[in-house]
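Here's the structure we're looking at; comments come further down.
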Amino acid sequence: MSSKKSTNGRFILLRSAFRITEYVAPGVGARILDRIWFRLPVVPDRAKRLRVELPAGTPIEAPLDGGTIRGTAWGSGPTVYLFHGWGGWALQLAAFITPLTDSGFRVIAFDVPSHGASDPSRHGPGTSTMPEFADALQAMIAAHGPAYGVVAHSFGAAATTLALAEGLSARRVVYLSAATDFADALAGYQRVFGFGPRIVARFQARFIRRIGRPLADFEAVRIIDELVEERDLPALLAIHDRGDAETPYTGSEKIARIWPDARLELTDGLGHNRILRDPLVVLSVTDFLSTDQVVSDDVRQVRETMHG
């Protein structure tokens, strides 16, 4: 049986199971959804191939919940943390490393629990949560120095927003293809699998038991609204592709409208992941993070050449 046929078969079985359990056993349907929601996707090795040449880096570690999260550091100077998303990996953001180190930054890329080289999640192998993502970022910062900047992709952007609410301090933040509202994600599962309000209600109860907070608490706009009243936020650059099929660009638009010092850039044709290696995106991010940095004449000449 081909992989495509096998995948289609599993989808049909899941859709049937959700439709049946919605009426006769919504608790069972909620358990199935719970497994899907918190389970990380399997990423083939070929997708993780390194697309840029990198200088040698220094392996680093940080403790988290009795385990270890692992990453690599390059360069010297103010530290920029590269923060991957759900099912991602540290070097998914590798295109930013050399431009940032050439601009006078120390760059740290790391894997969150159950991802890449890091130990399994406290919730078990192959799974994670947004609070755990936020905790991993904070653990790396605690072990390896304050964040001048954070470049976060997708779910990593959502977790950065949560980390800001929990005390993260940074001067500049970049969100790429930011995930912003997980109620939308739940509605998407409903459309795809065809279940209804009984499974939704029981899943939301399971979510609270697992995380300790309702799903609505993780809506980015809600968190940012509260933060704006409490303290100054770092400058934000949000870049999102209009054709992103995984995280709607309208979420970044909403964030940029309420974030006091925010800049929004929309792209076309880059989707959810190609945005991480587009040369113009890399240049825009590097320039944004370097605004307050004094750079060498050589680096300035390279930038002017690229702009030209």
Side-chain angles (χ1 to χ4, degrees), residues 3-22 25-48 64-67 69-70 83-90 92 110-137 152-159 162 177-195 199-218 245-247 272-273:
S3 174
K4 184 175 181 180
K5 287 182 178 178
S6 176
T7 300
N8 288 340
R10 285 195 297 270
F11 171 76
I12 292 169
L13 285 173
L14 276 173
R15 189 172 174 85
S16 298
F18 276 122
R19 287 182 167 180
I20 293 169
T21 56
E22 171 68 22
V28 174
R31 285 200 296 274
I32 297 171
L33 180 57
D34 183 273
R35 293 193 195 102
I36 295 171
W37 185 277
F38 291 104
R39 180 62 53 180
L40 296 167
V42 177
V43 181
D45 288 341
R46 65 179 180 276
K48 295 182 180 180
L64 181 64
D65 295 327
I69 51 176
R70 299 177 176 88
F83 195 13
H84 67 74
W86 189 257
W89 58 98
Q92 195 176 16
F110 65 97
D111 294 308
V112 305
S114 289
H115 293 71
S118 292
D119 287 349
S121 162
R122 56 178 172 255
H123 301 281
T127 188
S128 191
T129 66
M130 192 193 301
E132 189 169 50
F133 264 65
D135 289 347
L137 176 60
H153 179 232
S154 190
F155 195 84
L162 181 60
S177 310
T180 58
D181 189 348
F182 296 96
D184 285 346
L186 180 55
Y189 276 118
Q190 280 189 265
R191 289 191 298 271
V192 169
F193 290 117
F195 57 84
I199 287 178
V200 168
R202 284 162 176 78
F203 170 74
Q204 288 175 332
R206 291 181 66 91
F207 188 95
I208 292 171
R209 288 196 297 272
R210 182 191 285 259
I211 305 298
R213 299 167 61 181
L215 190 64
D217 276 6
F218 298 100
E246 295 188 38
T247 57
H272 189 68
N273 291 316

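Heads up: numbering here begins at 1 and tracks the sequence. All values derive from a computational prediction rather than experimental measurement.
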About how many Å separate [atom2] of [Y] and [atom1] of [X], when rounded to the nearest 0.5 Å?
{"X": "Glu22", "Y": "Arg202", "atom1": "CD", "atom2": "CZ", "answer": "8.5 Å"}
{"X": "Asn273", "Y": "Glu246", "atom1": "CG", "atom2": "CD", "answer": "6.0 Å"}
{"X": "Ile199", "Y": "Arg31", "atom1": "CD1", "atom2": "CZ", "answer": "11.0 Å"}

Report the residues that fulfil ring-ring contact (aromatic ring centres under 6.0 Å, His included) with [X], sequence neighbours left out, ordered by chain and then residue number.
{"X": "Phe155", "result": "Trp86, Phe133, Phe182"}
{"X": "Phe18", "result": "Phe193, Phe195"}
{"X": "Phe38", "result": "Phe207"}

Problem set entry | Any pair counted as salt bridge (Lys or Arg N to Asp or Glu O under 4.0 Å), so long as it reaches residues 177-193, sequence neighbours left out |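 Listed once each, the pairs would be none.
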
Problem set entry | Least distance between heavy atoms, Phe110 atom then Leu137 atom |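 Distance-wise, the nearest heavy atoms are CZ-CA, 3.8 Å.
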
Partners of [X] by side chain to side chain contact (heavy atoms under 4.5 Å, CB included), sequence neighbours excluded?
{"X": "Ala178", "result": "Ala157, Tyr175, Thr180, Ser252"}
{"X": "Ala245", "result": "none"}
{"X": "Arg15", "result": "Phe11, Arg19"}
{"X": "Arg39", "result": "none"}

Report all side-chain donor-acceptor pairs from residues 115-124 shorter than 3.5 Å, counting only partners two or more places apart or in another chain.
residue : atom : partner : partner atom : Å
His115  : ND1  : Pro113  : O            : 2.9
His115  : NE2  : Gly87   : N            : 3.0
Ser118  : OG   : Arg70   : N            : 2.9
Ser118  : OG   : Asp111  : O            : 2.5
Asp119  : OD1  : Arg70   : NH1          : 2.9
Asp119  : OD2  : Thr68   : N            : 2.9
Ser121  : OG   : His123  : N            : 2.8
Ser121  : OG   : Thr127  : O            : 3.4
Ser121  : OG   : Glu132  : OE1          : 2.7
Ser121  : OG   : Glu132  : OE2          : 3.2
Arg122  : NH1  : Asp65   : OD2          : 2.0
Arg122  : NH2  : Asp135  : OD2          : 3.1

Exercise. Would Leu215 and Trp37 count as a side-chain contact (heavy atoms from CB on, under 4.5 Å) if you check the C-alpha gap in whole Å, the side-chain angles of each, and the deciding distance to 0.1 Å?
Worked result: CA-CA 12 Å; Leu215 190 64; Trp37 185 277; 3.8 Å; yes

For this session: I would like to know whether Ile36 and Leu14 meet side-chain contact (heavy atoms from CB on, under 4.5 Å); could you show each step before the answer?
Result: CA-CA 10 Å; Ile36 295 171; Leu14 276 173; 4.2 Å; yes

For this session: State which residues pass salt bridge (Lys or Arg N to Asp or Glu O under 4.0 Å) with Arg210; sequence neighbours excluded, sorted by chain then number.
Result: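 Scan of Arg210 (salt bridge (Lys or Arg N to Asp or Glu O under 4.0 Å), adjacent residues dropped) gives Asp34.
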
For this session: Applying side-chain contact (heavy atoms from CB on, under 4.5 Å), run through Leu186 and Leu33 and close with a yes or a no.
Result: CA-CA 10 Å; Leu186 180 55; Leu33 180 57; 3.9 Å; yes

For this session: Could I get the full list of side-chain hydrogen bond (donor to acceptor under 3.5 Å, both in side chains) partners for Thr247, not counting sequence neighbours?
Result: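 Counting only residues at least two positions away or on another chain, Thr247 forms a side-chain hydrogen bond (donor to acceptor under 3.5 Å, both in side chains) with His240, Asp244, His272.
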
